[in-house]
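For clarity, every value in this text was computed on a predicted model and none was experimentally measured.
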Amino acid sequence: VAAQASHPALSIPLVIAGEITTSDEMADAEDPSCPGIVNYRYALASADQVQQALACAAAEPSGWRSLSVEHRSLALRKVAAHLAKHRGDSIAVMLRDTGKAVSEGDAEFSEAIDFANYYAHRISDAAFHDGTEATPLGTVVITPPWNFPFAIPCGGVLAALAAGNTVIFKPAPEAVWTGYHMCQLLWDAGIPRTALQFLVCPDNEIGTSLLTDDRVHAVILTGAYATAKLFHSWKPTMNLFAETSGKNSLIITNACDPDQAVKDLVRSAFGHAGQKCSAASLAIITAERYDDPAFLRQLRDAAASLTVGSTWALDSIVTPVVRAPGPELLRGLTTLDEGETWLLEPKMIAGNPCLWSPGIKLGIRPGSWYHQTECFGPVLGLMRAPDFITALQWQNDSMFGLTAGLHSLDPKEIRTWQATVEAGNVYLNRSITGAIVQRQPFGGWKSSCIGAGAKAGGPNYVAQFSHWQETALPHQRAMISEELRSFAQTHAADDAWLMAAMESDAYWWSHEFGIAHDPTALICEKNLFRYRAMPHAIIRASEDQSFTHTLRMVAAAERAGVKKIIVSSPILLPRIASEHVMVLKQSDEEFLQSLRKQPPHGVLRAVGASAEMHRIAHEQRLRIVARPVLALGRIEMLPFLREQSLSATAHRYGNLVPIDDLLR
């Protein structure tokens with residue numbers, strides 16, 4: 001640490017319009033392991049510099065948007081190869097910049113390489129190019145987190161670039177050096193400095209002006225749900241793709257393997273000092289296991305045995321949080337509410353406000369402050385559930401749905417849980433952190449996801465950063481039932497376009513959406529990528545929208561399995577013959593009033609939706625999709641589906657166990 005403190009502070013510049021530059025305003029960054037020691041200084045962009053960056057991104061002098069898919073794919077593969085040569089220095093930067101342990105940084109760096117290779121492959125997916133063609137959105141701003149300072153921003157940057165967009169990268173203020181280092185590697189690998197600009201903005205009107213400018217066509221955010229709400233309050237029509245907060249829990253039942261459950265819970269709760277967005281903040285334990293003193297003692301001892309210390313001490317497992325705890329985390333680390341006690345009380349270490357030993361609370365009550373509040377640090381709460389069904393209800397009883405887990409060897413519990421758990425990434429008999437590109441694409445449900453809902457590292461992520469135009473009817477189709485054929489003919493006579501669209505839906509239901517996928521096909525672990533229907537859908541037809549297009553959206557929602565569909569139109573529409581569909585004639589004002597009463601976590605499909613529709617949809621926590629209607633089912637069905645990654649350990653201590661029939 002003394003040697004680190006003796007190094008002179010670095011100075012991180014801006015890179016605008018291909019030029020390295022600085023500014024009149026500089027900020028200091030401290031090493032989390034050595035509070036008070038300036039790690040480096042970085043430039044903050046002025047209002048004029050933001051305008052320069054936006055003008056360059058719009059003009060796009062490098063010609064990146066006009067490159068062929070093959071050229072962009074090759075560019076990403078070159079990035080992957082170049083990254084692989086810089087593992088050591090990249091891990092070192094993360095260690096010094098954000099206090100990330102070497103083991104954590106190593107896994108994160110591998111994820112960045114995986115993103116580059118995977119997105120290079122996904123660009124040319126023929127499934128999205130069946131009667132459609134893609135054009136880039138334009139300019140994408142990346143606003144990443146500090147907890148995964150290399151992989152998450154790298155994935156967002158590369159996905160946007162893969163689709164042909166120009167990128168303005170605005171790093172988290174806690175991880176500016178790591179972000180700059182990442183950009184340097186991408187530039188050195190051949191990404192043009194005008195296609196990828198590095199712009200650190202102050203958190204004031206200057207930063208707001210960047211995000212709300214009409215020359216910005218999408219914003220990728222990984223951060224707090226409150227931040228996503230703030231962004232939308234500035235500009236309701238902002239095309240925001242956000243992975244947001246989670247209050248993640250792991251259910252441990254009487255039927256668990258207690259040794260494995262303790263190991264995975266401690267790893268899930270305290271890896272990277274509990275600062276992973278997927279970290280287990282809660283363990284919901286059924287009564288018999290919770291009341292077992294031996295189990296609690298084993299859990300306490302396992303957590304207490306973790307080495308806590310500076311990141312510069314390479315044996316440290318629990319390293320400093322990136323900054324001194326804010327109000328929520330500080331309360332979680334220091335305060336007990338009614339009925340709560342400490343199984344393991346956390347302590348500040350060596351007078352460093354960023355460094356805390358693990359804490360475990362007993363007696364967390366349903367609906368309590370800790371049950372509902374994200375505490376981003378090394379503190380875990382335990383809840384005592386009378387039975388498995390109650391535990392599952394408590395796990396699902398959250399506005400968030402990022403990760404969730406179950407430790408149980410009971411087939412009935414496993415079948416029930418995997419069919420009803422409400423989270424984007426779910427884990428059976430393993431830790432609930434450590435998602436891997438393609439193997440477990442990452443992203444949440446409910447208020448843990450804002451925007452289109454495609455998972456990072458998954459098959460649909462790159463496609464959402466393009467405009468899709470229809471050029472022909474889709475060729476890949478499947479036969480539909482006589483009932484569906486009669487439905488189309490009854491409502492739209494001999495409309496060949498609608499029939500083709502429904503046949504496209506049928507094809508993609510049987511080949512993609514209606515089946516589970518395990519692309520890595522490991523023997524020791526099952527990793528299923530699957531789709532689940534949105535709980536409800538609202539389709540708002542405009543006065544000049546054709547009835548055929550309205551029917552097409554209804555057909556996509558029904559094929560996706562949505563059980564409650566409201567179709568609203570300012571003009572009287574014919575009755576739609578389906579038990580799942582309600583047709584309403586509503587003026588614009590009546591529709592907006594009814595929208596305010598809709599339950600959360602559904603989808604609003606409204607072509608060309610107004611700013612007010614966007615605002616209300618965000619308030620009601622609804623997914624809103626306003627792009628034009630397409631016949632291609634591979635794209636048109638996506639708004640009505642939620643993606644889920646299920647990862648299950650398929651062995652016990654090296655002995656394979658049959659679990660396929662439990663995961664259907």
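- Put simply, the side chain of E340 never gets that close to the backbone of G363: no donor and acceptor are under 3.5 Å apart.
- Counting only distance, with no hydrogens or angles, the side chain of S249 and the backbone of Q395 share no donor-acceptor pair below 3.5 Å.
- In summary, the side chains of E243 and T222 do not present any donor paired with an acceptor at a separation below 3.5 Å, with no hydrogens or angles considered.
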Please tabulate, one pair per line, all N/O donor-acceptor pairs under 3.5 Å involving side-chain atoms of residues 180-189, not counting sequence neighbours.
from: H181; atom 1: NE2; to: S90; atom 2: OG; distance (Å): 2.9
from: W187; atom 1: NE1; to: L196; atom 2: O; distance (Å): 2.9

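- Closest approach of S647 to Q440, counting heavy atoms only: OG-NE2, 3.3 Å.
- Taking the side chain as every heavy atom from C-beta outward, K446 and M399 never approach each other to under 4.5 Å.
- In terms of the salt bridge (charged side-chain N to carboxylate O under 4.0 Å, His left out) criterion, E205 has no residue partners (sequence neighbours excluded).
- Nearest heavy-atom pair across G444 and C449 is O-CB, 3.2 Å.
- Residues passing the ring-ring contact (aromatic ring centres under 6.0 Å, His included) test with W417, sequence neighbours excluded: none.
- One distance of note links CD1 of I251 with CG of L406; it measures 6.0 Å at 0.5 Å rounding.
- Taken from CD1 in I360 to CG in L343, the straight-line distance is 5.0 Å, to the nearest 0.5 Å.
- Annotation: side chain of I168 is not in contact with side chain of V157 (no heavy-atom distance under 4.5 Å).
- With hydrogens and angles disregarded, a donor-acceptor distance shorter than 3.5 Å links the side chain of Q197 to the backbone of A53.
- The main-chain N or O of S245 is found under 3.5 Å from a side-chain atom of S448 such that the two form a donor-acceptor pair.
- The two residues C277 and N147 come nearest to each other via the heavy atoms N-ND2, 3.5 Å.
- Donor-acceptor pairing under 3.5 Å is lacking for the side chains of R289 and T253.
- Panel note: side chain N352, backbone P320; no donor-acceptor pair is recorded below 3.5 Å.
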> Checking ring pair (Phe, Tyr, Trp, His ring centres under 6.0 Å) for the pair Y461/F241: CA distance, chi angles, key distance, verdict?
Replying inline: CA-CA 10 Å; Y461 195 72; F241 301 87; 7.6 Å; no
>> Is there a side-chain contact (heavy atoms from CB on, under 4.5 Å) between F198 and V200? Walk through the geometry before answering.
In response: CA-CA 7 Å; F198 181 80; V200 190; 3.6 Å; yes
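- Of the possible polar contacts, one joining the Q49 side chain to the T22 backbone as a donor-acceptor pair under 3.5 Å is found.
- When the shell of 6.0 Å around CD of Q372 is examined, it contains more than 12 heavy atoms from other residues, nucleotides or ligands.
- Applying the ring pair (Phe, Tyr, Trp, His ring centres under 6.0 Å) test to residues at least two apart or on different chains, the pairs with a partner in residues 78-112 are H82-H86, F109-F150.
- Under the ring-ring contact (aromatic ring centres under 6.0 Å, His included) criterion, H232 pairs with H618, sequence neighbours left out.
- Counted by atom type alone, N117 and R77 present zero donor-acceptor pairs between their side chains at under 3.5 Å.
- Residue pairs that meet the salt bridge (Lys or Arg N to Asp or Glu O under 4.0 Å) test with at least one member in residues 306-317, sequence neighbours left out, do not exist here.
- Side-chain atoms of E525 and N527 include a donor-acceptor pair closer than 3.5 Å.
- Look at R652 and D257 and you find a salt bridge, because one of the NZ, NE, NH1 or NH2 atoms lies within 4.0 Å of a carboxylate O, short of that distance.
- Here the side chain of N429 pairs a donor or acceptor atom with the backbone of S408 at under 3.5 angstrom.
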With a cut-off of 3.5 Å and sequence neighbours excluded, list every side-chain donor-acceptor pair involving residues 322-335.
from: R323; atom 1: NH1; to: E174; atom 2: OE2; distance (Å): 2.1
from: R331; atom 1: NH2; to: D337; atom 2: OD1; distance (Å): 3.4
from: R331; atom 1: NH2; to: D337; atom 2: OD2; distance (Å): 3.1
from: T334; atom 1: OG1; to: L330; atom 2: O; distance (Å): 2.6

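- E345 is linked by a salt bridge (charged side-chain N to carboxylate O under 4.0 Å, His left out) to K347, counting only residues two or more places apart in sequence or in another chain.
- You'll find the side chain of K361 stays beyond 4.5 Å of the side chain of L382, heavy atoms only.
- Side chain of E422 to backbone of W445: no donor-acceptor contact under 3.5 angstrom is found.
- Side-chain contact between S23 and S46: absent, with no pair of heavy atoms (C-beta onward) separated by less than 4.5 Å.
- Without hydrogens or angle criteria, E108 side chain to A151 main chain gives a donor-acceptor distance under 3.5 Å.
- Within the 4.5 Å cutoff, no side-chain heavy atoms of V140 are placed close to those of V216.
- In summary, the side chains of T307 and S316 do not present any donor paired with an acceptor at a separation below 3.5 Å, with no hydrogens or angles considered.
- Residues F295 and Y290 place their aromatic rings such that the two centres sit no closer than 6.0 Å.
- Every ring-ring contact (aromatic ring centres under 6.0 Å, His included) that F115 has, sequence neighbours left out, goes to Y119.
- Among residues two or more places apart in sequence or in another chain, the salt bridge (charged side-chain N to carboxylate O under 4.0 Å, His left out) test is passed with K455 by none.
- Ion pairing between a basic and an acidic side chain is recognised when a charged N comes within 4.0 Å of a carboxylate O; D292 and R297 show no such pairing.
- Legend: side chain to side chain donor-acceptor pair (under 3.5 Å) pairs involving residues 264-283, not counting sequence neighbours, sorted by first then second residue: E104-K276, K247-S281, Q260-D264, D264-H407, S281-Y370.
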>> Let's go through I91 and V93 carefully: what are the C-alpha distance in whole Å and the side-chain angles of both, what is the deciding distance for side-chain contact (heavy atoms from CB on, under 4.5 Å) to 0.1 Å, and is it a yes or a no?
In response: CA-CA 5 Å; I91 294 171; V93 170; over 6 Å; no
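- In this view, D28 and R41 satisfy the side-chain hydrogen bond (donor to acceptor under 3.5 Å, both in side chains) rule, not counting sequence neighbours.
- The side-chain heavy atoms of H371 and L282, taken from C-beta on, include a pair separated by under 4.5 Å.
- In this structure, CH2 on W234 lies 3.5 Å from OG1 on T208, to the nearest 0.5 angstrom.
- In this structure, S645 contributes its side chain and P441 its backbone to a donor-acceptor pair below 3.5 Å.
- Under the 4.5 Å side-chain criterion, counting only non-hydrogen atoms from C-beta, L380 is in contact with L265.
- Test T227, I220, L211 against T143 for side chain to side chain contact (heavy atoms under 4.5 Å, CB included) and you get one pass: L211.
- Side chains of W146 and D97: no donor on one and acceptor on the other come within 3.5 Å.
- Between V266 and S305, the closest side-chain pair of non-hydrogen atoms is not below 4.5 Å.
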>> Could you walk me through whether T311 and R96 satisfy the side-chain contact (heavy atoms from CB on, under 4.5 Å) test, starting with their C-alpha distance in whole Å, then the side-chain angles of each, then the deciding distance to 0.1 Å, before giving a yes or no?
In response: CA-CA 8 Å; T311 317; R96 183 170 168 182; over 6 Å; no
>> Does L158 form a side-chain contact (heavy atoms from CB on, under 4.5 Å) with V79? I'd like the steps, not just the answer.
In response: CA-CA 9 Å; L158 293 177; V79 166; 4.3 Å; yes
